[in-house]
Amino acid sequence: MESSSSERAPAGPVVRAERVTRVHRDGRRELKSLDQVSLTVSAGEVVAVTGPSGAGKTSLLHILGGLDTGYRGRAWVAGTDWRTLHGSERARFRRRACGFVVQGLGLLPQATAAENIEVPLLLDGVAPGARRTRVAEALALVGLADQGAKLPDQLSGGQQQRVAIARALVNGPALILADEPTGSLDSATAASVVRLLLSAARERGAAVVLVTHDPQVARHADAVARLRSGRLDTPVRESPKE
Ligand SMILES: Nc1ncnc2c1ncn2[C@@H]1O[C@H](COP(=O)(O)OP(=O)(O)OP(=O)(O)O)[C@@H](O)[C@H]1O
Ligand SMILES: [Mg+2]
C-alpha cells in the first residue's frame with residue numbers, strides 16, 4: 001500500500017536480536033527461556049523458528065515485537081531499539097511496524113471480517129475513506145473480497161486465519177510475527193494459508209518470523225532457526241548482501 005510504504009525499512013535488517021537472554025524467576029528457581037539468542041531478518045526474508053514445546057519460541061517473538069521488556073541483550077525493529085520506546089509511543093510504533101498473527105487468532109467475534117481488519121487502522125487514526133480502501137485491498141489480497149460482511153463464526157477455520165493475516169498486513173508493517181498461524185488447520189489448508197502469508201509478505205518486502213512445529217510449513221521459509229531450551233542451535237543462513 002503506497003501510503004504506508006515510506007514507513008517500511010528499505011532492504012536490509014528489519015528485525016535484529018543480539019544476545020537476547022530472558023530469565024524467569026519462580027521462587028528461588030531461575031529458568032532461562034532464551035539464552036544468548038541472536039537473529040537478523042531482512043526485508044522480504046522469511047525465517048521459520050522451530051523447536052519443541054517450551055523451547056522459547058513465543059518468548060522470542062514477544063521480545064522481537066516489543067511485547068516483553070524484561071530481557072538482557074538488545075532487539076531492534078526497523079533500526080529502532082525497543083528499549084528507547086515507552087508507553088504509548090511504544091504501542092504506536094508496534095502498531096505501525098509489526099503485524100501479529102497469533103495462535104487462536106484474536107479476532108473479535110461480534111465484528112465482521114472487514115471490521116476486524118479495520119481495527120489497526122482505527123487505532124492509528126486513518127481517515128474513513130482510506131480505511132475502506134485499505135480494508136478492501138487487504139480482503140482481496142487474502143482472497144476474501146466477497147466475505148467482508150461475515151462474522152468470524154460464519155467463516156471456515158482457514159478463512160478466519162486469512163482474516164487474521166489481512167489484519168496483520170493492513171498497516172503495511174515492516175515485520176510480520178506469526179506464532180503457529182496454522183496450528184489448528186488441516187495440513188492442506190495450513191499449506192495454502194502459509195503460502196498466502198509468505199507471498200503477501202514477500203510482495204510487500206516485509207520480513208517474516210514464523211513460529212511453527214510443522215516441518216512442511218518451515219520448508220517454505222528462507223532460513224530455519226531451531227530453538228532448543230532457549231538456545232538457537234542452528235545458525236540462521238545469512239541472506240546475501242545486495
Ligand atoms: N512469564 C513466564 N513466567 C515463567 N516462565 C515462563 C514465562 N513465560 C514463559 N516461560 C517459560 O519459558 C519457557 C519457554 O516458553 P515459550 O512460551 O516461549 O515456549 P514455546 O517454544 O513457545 O512453546 P510452545 O511450542 O508450547 O508454544 C517455558 O519453559 C515456559 O514455561
Ligand atoms: Mg509458543
Side-chain angles (χ1 to χ4, degrees), residues 15-41 45-77 82-83 85-87 90-91 94 98-107 157-158 160-161 163-165 167-168 173 175-187 189-191 193-194 197-198 201 207-237:
V15 65
R16 211 176 129 208
E18 195 178 277
R19 296 204 204 166
V20 165
T21 296
R22 180 63 164 108
V23 178
H24 297 289
R25 283 194 181 77
D26 169 17
R28 271 171 302 156
R29 259 168 29 101
E30 273 197 355
L31 179 120
K32 267 187 200 166
S33 63
L34 295 170
D35 189 2
Q36 302 271 334
V37 168
S38 298
L39 178 78
T40 299
V41 188
E45 190 184 19
V46 176
V47 172
V49 176
T50 67
S53 181
K57 305 181 297 294
T58 298
S59 304
L60 177 61
L61 225 57
H62 284 177
I63 290 170
L64 298 180
L67 293 167
D68 179 15
T69 53
Y71 58 91
R72 296 201 298 268
R74 296 181 73 187
W76 297 260
V77 168
W82 279 115
R83 281 191 309 208
L85 297 174
H86 304 279
R90 186 185 182 90
R94 182 186 306 112
C98 305
F100 290 88
V101 187
V102 295
Q103 231 163 355
L105 302 176
L107 296 178
Q160 289 177 34
Q161 199 55 269
V163 173
I165 290 169
R167 185 187 50 186
L175 174 64
I176 308 283
L177 298 166
D179 197 349
E180 291 282 356
T182 58
S184 57
L185 303 175
D186 66 80
S187 58
T189 312
V193 164
V194 164
L197 170 64
L198 300 190
V208 179
V209 181
L210 169 68
V211 167
T212 184
H213 279 113
D214 185 345
Q216 296 294 72
V217 168
R219 247 170 17 108
H220 294 282
D222 300 309
V224 176
R226 232 186 96 76
L227 267 173
R228 196 186 300 163
S229 303
R231 296 191 74 99
L232 267 189
D233 67 4
T234 306
V236 172
R237 179 174 59 72

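Just so you know, ligand 1 is whichever comes first in the structure, and atom 1 is the first atom listed for that ligand. Note that these values count all heavy atoms, side chains included, but never hydrogens, waters or copies made by symmetry.
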### Task
Please say whether more than 12 non-hydrogen atoms of neighbouring residues, nucleotides or ligands are located less than 6.0 Å from CZ in R228.
no
#### Entry: Proximal ligand 1 atoms for S59, defined as those under 4.0 Å from one of its heavy atoms
14 (C), 15 (O), 16 (P), 18 (O)
#### Entry: Any H213 heavy atom less than 4.0 Å from ligand 1
yes
### Closest to atom 13 (C) of ligand 1 among G230, G56, G54 (heavy-atom distance)
G54
### Task
Check if D26 has a non-hydrogen atom at a distance under 4.0 Å from any atom of ligand 1.
no
### Message
Quick check on contacts: which atoms of ligand 1 are under 4.0 angstrom from a heavy atom of S33?
### Response
12 (O), 13 (C), 14 (C)
### Query
Which bit of H24 gets closer than 4.0 Å to ligand 1, counting heavy atoms only: side chain, backbone, both or neither?
side chain
### Message
Counting backbone and side-chain atoms alike, is an N, O or S atom of S53 positioned under 2.8 Å from the Mg ion (ligand 2)?
### Response
no
### Message
Run the salt bridge (charged side-chain N to carboxylate O under 4.0 Å, His left out) test against R22 and tell me which residues pass, sequence neighbours left out.
### Response
D68
### Message
Is it the case that the side chain of K57 and the backbone of L210 share a donor-acceptor pair, with hydrogens and angles ignored and the cut-off at 3.5 Å?
### Response
no
### Query
Which atoms from ligand 1 have a heavy atom of A55 less than 4.0 Å away?
19 (O), 21 (O)
### Summary
Looking only at heavy atoms, the pair that brings C98 and W82 closest together is SG-CZ2, 3.9 Å
### Message
Under the side-chain contact (heavy atoms from CB on, under 4.5 Å) test against D179, which residue among V211, T212, V49 passes?
### Response
V211
### Query
Backbone, side chain, both or neither: what part of D179 comes under 4.0 angstrom of ligand 1, heavy atoms only?
neither
### Query
Of T40, V41, L64, which meets side-chain contact (heavy atoms from CB on, under 4.5 Å) against R16?
T40
### Message
Counting C-beta onward and ignoring hydrogens, is there a side-chain heavy-atom pair between L31 and D26 closer than 4.5 Å?
### Response
no
